[in-house]
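The next block holds one structure in the form of structure tokens; read it before the comments.
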Amino acid sequence: MLPKLTFIHAADLHLDSQMEGLTAAHPAMKSRLQESTFQALKQLVQCAISEKVDFILLAGDIFDANRQSLKALVALREACKELQEHGIDVYMQYGNHDFTGKQPMMSYPDNVHIFQTEKVETFFHEKNGEPAAAIHGFSYTTRHIKSRKALEYEAKGEGIYQIGMLHGSLGTGGDADVYAPFSVDELKHTGFDYWALGHIHKREVLSEQPPIVYPGNIQGRHRKESGEKGCFLVELEGQSCVMSFLPLQDIRFETVDVDVKEGSALYDVEQILLESCLRWEEAFGDAVLHVIFHGPAHLLMRWSQEERLEELLEIINEQQQNLGRQLVLAGFTVQATLDMKEELLLERNDFTAALYTTSYSADEMTRSLEELMGNRQYRKIQQFYSEEELQELLGEAKQLLLQTLLEVE
């Protein structure tokens, strides 16, 4: 009978990542944010020790770049030493951010097992002196891998668990397939008991039987990486698999909404923000927040143009700092409603008004961006846009148009 195995599946630690969008954060918070990936790693180690796991899987992008800082290398080495003291093995692979190219500069303790090449390799994990699991994986040696690595995985060993580690993305059939593209069916076809994925920073279970899982990253780095971040605690016992999410983030990123009513003054909005900060702190703990203001266009657009909303957030942040709270309003977006019916807009008979009333699909947006996405330099920054990102771009464009309309009046 197969023994019970308990392990942690984590990915995308991005140790020593440079945090984004911190202009509104006071110095103490900036410093803490910069250390947050290291704090999340420490929390990961403590969870592994308290849960008495057999091993940890680190599915790629452990570091934020392929030229790692000595600080990041030492932090991981010391974490692995602490795990070794508790008899916990570490299996890790490198991803598209920390691709090896040349051999890593750090020597790790004997409990660390690293997939060194782009060839799929296998480590055998023992429990109670007997083979218990075959753990398969590979590492990136260059930034991109276009081949379907999933087809190279094969079960090895008899009567043991088969676990696959893969840092990659679901294939789309397009030019964006540069991160070891795969399909769920390809992974299921291997007959493995668990697939530990990495690369996507959003937690997602692609399949429950067998488990094919993205844990997301362990610490958000900007407002698009919002919510709880962490790892999965996995318990394999025969055909049964139980997964529990463990939050690890030191600081949480969130987007919050503030409704501004007709006739409101700025001091009314200040009071709303102060009261809301108490609720947000209770809900999120220490957090970096992006505020979306909803309300009448003639108010919000005027305040935005006069930089009143930016000034308001600075005042709130100063008050939070004086109270010793680790809650920062790091930016804002205006979602204004125009107090004008569509028919009246069209009566204006100008280009901007007509454009504002036009709707666009995600496909149309993608076609519009084709020339930009064809630029080699731009592709180093952005490979493709998700439908969610396209809709966000469209929303921002409409708000700019709305601002233009108000300026014309």
Side-chain angles (χ1 to χ4, degrees), residues 9-18 37 41 56-70 72-73 75-77 80 90-108 112-123 134-154 163-184 186-187 190 192 194-202 204 206 212-219 221 225 231 376 379-384:
H9 168 204
D12 299 281
L13 282 62
H14 286 273
L15 294 176
D16 213 12
S17 175
Q18 297 298 307
T37 55
L41 172 62
I56 293 177
L57 305 178
L58 299 179
D61 283 358
I62 299 156
F63 303 102
D64 195 51
N66 71 314
R67 183 179 176 86
Q68 295 96 34
S69 67
L70 184 58
L73 289 164
L76 183 63
R77 183 194 66 194
C80 292
V90 179
Y91 298 90
M92 70 185 202
Q93 60 185 167
Y94 296 107
N96 58 290
H97 271 261
D98 54 2
F99 62 95
T100 54
K102 297 179 180 179
Q103 292 298 314
M105 296 185 293
M106 182 56 66
S107 175
Y108 296 100
V112 179
H113 313 279
I114 304 175
F115 296 99
Q116 298 281 9
T117 71
E118 289 188 8
K119 179 183 177 181
V120 175
E121 301 174 279
T122 304
F123 290 109
I135 301 173
H136 314 269
F138 67 93
S139 281
Y140 284 60
T141 59
T142 56
R143 188 176 299 278
H144 296 146
I145 296 179
K146 296 183 179 181
S147 60
R148 302 189 79 86
K149 302 297 294 182
L151 302 177
E152 300 177 22
Y153 286 76
E154 294 180 359
I163 298 172
M165 296 177 65
L166 195 160
H167 190 88
S169 58
L170 280 169
T172 63
D175 294 337
D177 287 350
V178 294
Y179 301 117
F182 65 89
S183 71
V184 170
E186 286 171 347
L187 301 190
T190 61
F192 283 13
Y194 187 90
W195 275 98
L197 305 180
H199 181 59
I200 302 301
H201 291 188
K202 183 177 181 180
E204 187 174 5
L206 300 182
I212 301 174
V213 181
Y214 281 115
N217 51 344
I218 66 171
Q219 169 63 54
R221 302 173 301 157
E225 296 181 350
C231 62
R376 182 180 177 184
R379 286 201 307 273
K380 292 180 180 179
I381 304 170
Q382 183 84 34
Q383 285 294 325
F384 67 97

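Quick note: residue numbers are just sequence positions, from 1.
Rounded to the nearest 0.5 angstrom, Arg143 CZ and His97 NE2 are separated by 7.5 Å. Remark: Cys80 SG to Leu41 CG distance equals 8.0 Å, nearest 0.5 Å. Thr122 OG1 to His136 NE2: the interatomic distance, rounded to the nearest 0.5 Å, is 4.5 Å. Taking CG of Asp64 as the reference point, atom CD of Gln18 lies at 7.5 Å (rounded to 0.5 Å). Note: Ile163 CD1 to Phe192 CZ = 10.0 Å, rounded to the nearest 0.5 Å. Atom CE in Met92 sits 8.0 Å away from atom OG in Ser139 (nearest 0.5 Å).
Ring pair Tyr194/His9 is perpendicular by interplanar angle, where above 60° counts as perpendicular and below 30° as parallel. Ring orientation note: the planes of His199 and His167 are nearly perpendicular, at an angle over 60° on the 30°/60° scale. Note on ring orientation: taking the six-membered ring where Trp is involved, the planes of Tyr153 and Trp195 are perpendicular (angle over 60°, cut-offs 30° and 60°).
In this structure a side-chain-to-backbone donor-acceptor pair under 3.5 Å is missing from Asp177 to Gly171. Between the side chain of Asp12 and the backbone N or O of His201, no donor-acceptor pair lies under 3.5 Å. Using modelled atom types, one side-chain atom of Gln93 and one backbone atom of Phe138 make a donor-acceptor pair closer than 3.5 Å. Judged by distance alone, with hydrogens and angles left aside, the side-chain atoms of Glu186 form no donor-acceptor pair with the main-chain N or O of Phe182 at under 3.5 Å. A donor-acceptor pair is defined here as one N or O able to donate and one able to accept, closer than 3.5 Å; such a pair exists between the side chain of Thr37 and the backbone of Asp16.
Contact check for Leu76 versus Met106: no side-chain heavy atoms found under the 4.5 Å cut-off. Between Glu204 and Leu197 the shortest side-chain heavy-atom distance does not fall below 4.5 Å. Residues His113 and Ile135 form no side-chain contact, since every pair of their non-hydrogen atoms from C-beta on lies 4.5 Å or further apart. A 4.5 Å side-chain heavy-atom check between Leu206 and Leu187 finds every atom pair outside the cut-off.
The aromatic ring centroids of His14 and Phe63 lie 6.0 Å or more from each other. Between Tyr91 and Phe115, the ring center distance fails the sub-6.0 Å criterion.
Here the closest non-hydrogen pair linking Ala10 and Cys231 is CB-CB, 3.9 Å. Closest of all the heavy-atom pairs between Leu58 and Met165 is O-CE, 3.4 Å. Smallest separation of non-hydrogen atoms from Tyr94 and Ile114: CE1-CG2, 3.5 Å. Scanning all heavy atoms of the two residues, the minimum distance from Ala59 to Ala196 falls at CB-O, 3.8 Å. Heavy atoms only, all atoms of each residue included: Asn96 and Tyr179 are closest at ND2-CE2, 3.5 Å. Shortest non-hydrogen contact noted between Ser147 and Pro181 is O-CD, 3.7 Å.
For Glu152, the CD atom is densely surrounded, since the number of other residues' heavy atoms within 6.0 Å is greater than 12.
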